[in-house]
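Throughout, protein chains are lettered first and strands after them, A, B, ... in sequence-line order, and every chain is numbered starting at 1.
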Amino acid sequence: MNTVLSSTLAFGLPLFIIAIGGIFSERSGVTNLALEGFMGAGAFTGALFAVIIMSKTGWSSANVMWFAILFAALGGAIFSAIHAVLCVYLRADMVISGVVMNILSTALTAFLVTTINEKAFKIGATGKFHIGVAGKFTIPGISKIPFLGGLFTDIYYYELLIIVLAIIMYVLLYKTRYGLRLRACGEFPQAADSAGVNVYHIRFSAVLISGALSGIGGMCLAYYLITQFDANLFYLGYGYLSISALIFGSWKILPTLGACLLFSFVKYFALWFASLPGINLSSVVTSTVFQALPYIITLVALIFFSKSNASPGALGEIYDKGKR
Amino acid sequence: MEEKKNSEYIIEMKHITKRFPGIVANDDVSISVKKGEIYALLGENGAGKSTLMSMLFGLYEPDEGEIYIRGEKVKFKSPNDASALGIGMVHQHFKLVEPFTVAENVVLGMEGGMFVDLKTASQKITELSKQYGLEVNPNDKIKDLPVCIRQRVEIFKMLYRDAEILIFDEPTAVLTPQEIEMLLNILENLRKAGKTILLITHKLEEIKKVADRCAILRQGKLIDVVETKDVSTSDMASKMVGHTVLFNIDKKPIQIGKTVLSLKNVSYKKKGESVYRVKDVSFDVHEGEVFAIAGVSGNGQMEIADIISGIIKGATGNIILDGEEISTLTIDERIKKGISYVPEDRHAVALVLDESLENNIALKKMDTVQFLKGLFLKKSEISKYSDMIIDKYDVRSGQGRSTIVRSMSGGNQQKAIIGREIELDAKLLIFVQPTRGLDVGAIENIWKLILKERDRGKAVLLISLELDEIMNLADTVGVIYNGHIDKIAKRSDLDEMTIGAYMMGVKANG
């Protein structure tokens, strides 16, 4: 049972940092369905550099992880710039652009992994980058507490990074000049514009932030779930799960944390439940049902709380300065 | 305009001309404003007041002419440039972020450092609020505040930026009489504090009350600049309205029939607003009659049309069409009962711009047996019908009935709409601003069409901001002011000046 809680954090926190990325983009007014694609592009970039660094230096995968995360942030941000340019400057439809980004990311990373393996690494046309496992630690003593001790067991180092980053992002969004302007752009860009704020710059940078954070989250998930980057295994819809979480969390950071942890808990509770002796349900059935649960919860929440669940006022609204 | 020494004027706009496609919005306009005065700009809709002020605020650049601020020649590329010189503007539509607090809205764009210090900002707002007698709580959220307080927040935004020249665009349009009174006091206080105020309005009493001087514009030209204390409101009104050109329209004597439409005590308040858009309106429209509603824009006339057609729901009172209460019916049911509607905004409401002309013409009849065979549309019937309307109403377009409507000229779009609506053969035809933005030839054409329907015994409700349109077409005129129809009389018993006076609310409840 302890593993349920430790897994909840290990999986839920990467979801959370991806969802924060989504919050930044959407609260600046840019609809972002592309989190899945940003995650993939980031994880691909991070994994590529992890493989290169490991082969050149011989460092352990746990140490190389920090570089992988750094490059994942860069890769995600660069990839997200396409979405940003399309939506902010070229006034493309944000939903269509998001969907296209996801398809592009899946296809492009699958192609690049195989090609790089074959042409550059000369290891044949395999579709995987092996990145190994991330480092983790267990706090002695308190980890022995029944059930709750799971929170202090098998803590991955990236979880600490995500917590620090989340606090920084929280301060950035709610306490700084940038955050105030960003939120104004998402609520009523005309007001921001008339106050001398450059709506285009704010929105563009917000999408890049979402790309970088998605890349980080994607990299962590690649380490935690599959210890490799393989386009066939990676794109499981966790980007969409993050979108559900941020909608469920009403585009606010703290409630979104709750949503991510809830979704993650449900997922691992299901796996644990199915593994109990005497449970005769096939694990396929239970895990499918429980995997659908986050989306069902979000759907129900949207039906019942849609009034109080306030999306940013100008979400999805293309801003055109010339139009008054 | 007289020219004096530069130093006396804080703002000088010299020989300003601004053209938009099809119209000259400002034609060689020169005004000079002294520091510390309240300077009003008076004019009808489209007279060019807002355009002139938009140039002073940097929203547009003038095509010709020069602007001097404190004696220095300036060229504004954006409102930021104007802001930097201490010019602020309260727009008609407020630029406030609703989920933000007052303080957050005020500091937006002026945050100071990297972090937002709302405490200091709130203190400064409280100080300003004492200094100018403007009460407001910096921690209230905009979405919880009534319109008049929101307007104050806009004023705070200017004061927080130390603006010295304050432009107000129709500030009283959204306020109740008591709130107007308060606003005028605020303007007085601001003037006492040395601010220069430019007031765009078409309400004469306000000007008389607070303004020192008043520039009167008509059709883009500066007609006169008067000292408000020397001139009566009716003199100002006559200068503002001017004389209208009467087309030579052949109008037959009225053949009045039975009542077709009757409104009884209709009132309407938009959800969340405290002011009634439409107040206790009652009138009848008969067969063979053009009943026209005259009024300055924004006094509730557009809402009346939308209430009758069913676009606006939630009005109180009775709407009776041909002896039958229709206020609970849907838009579609009302169309079937015999209401045709040519709305003001042909792009937003009347047309599907990216569809073909024939589909637009057949739009309101698409679900009738004329065009339906089972689930499928009878394309050939639609084409035949639209060719008939195109021919009969002389709708000109590039590719005939298959032309995409967006590519057509405004006049031809309007002819297509009018043709569609007239051919519905409804009992009641509602025309709102039927000739807006059209040239003289097209106007005359449409007027003739409207009169033809009247002569065929249809009931026509005409809502227009153009006084000459009303003078030419109406048999009966109702004048609306602040949502209420103050005067209903035969067209023959009214002259333009009288209607103008009612439109301004100068004569009330006559």
Exercise. Any residues in residues 97-113 of chain B near chain A, with a heavy-atom distance under 4.5 Å, and which are they?
Worked result: B/Val97, B/Pro99, B/Phe100, B/Glu104, B/Val107, B/Leu108, B/Gly109, B/Met110, B/Glu111, B/Gly112, B/Gly113
Problem set entry | A/Phe67 atom CZ: more than 12 heavy-atom contacts under 6.0 Å | no
Exercise. Are more than 12 heavy atoms from other residues, nucleotides or ligands located less than 6.0 Å from atom NZ of B/Lys313?
Worked result: yes
Problem set entry | For chain A, which residues of residues 136-163 of chain B have heavy atoms nearer than 4.5 angstrom | B/Lys157, B/Arg161
For this session: Any chance you could measure A/Asp193, atom CG, to B/Asn80, atom CG, to the nearest 0.5 Å?
Result: 7.5 Å
Exercise. How would you list all residue pairs meeting side chain to side chain donor-acceptor pair (under 3.5 Å) that involve residues 70-94 of chain A, not counting sequence neighbours?
Worked result: A/His83-A/Ser97
Problem set entry | Contacting region of B/Phe94 [heavy-atom separation from chain A under 4.5 Å] | backbone
Exercise. B/Met114 versus A/Arg177: any side-chain heavy-atom pair under 4.5 Å?
Worked result: no
Problem set entry | Residues from residues 168-175 of chain A approaching chain B under 4.5 Å (heavy atoms) | A/Val171, A/Lys175
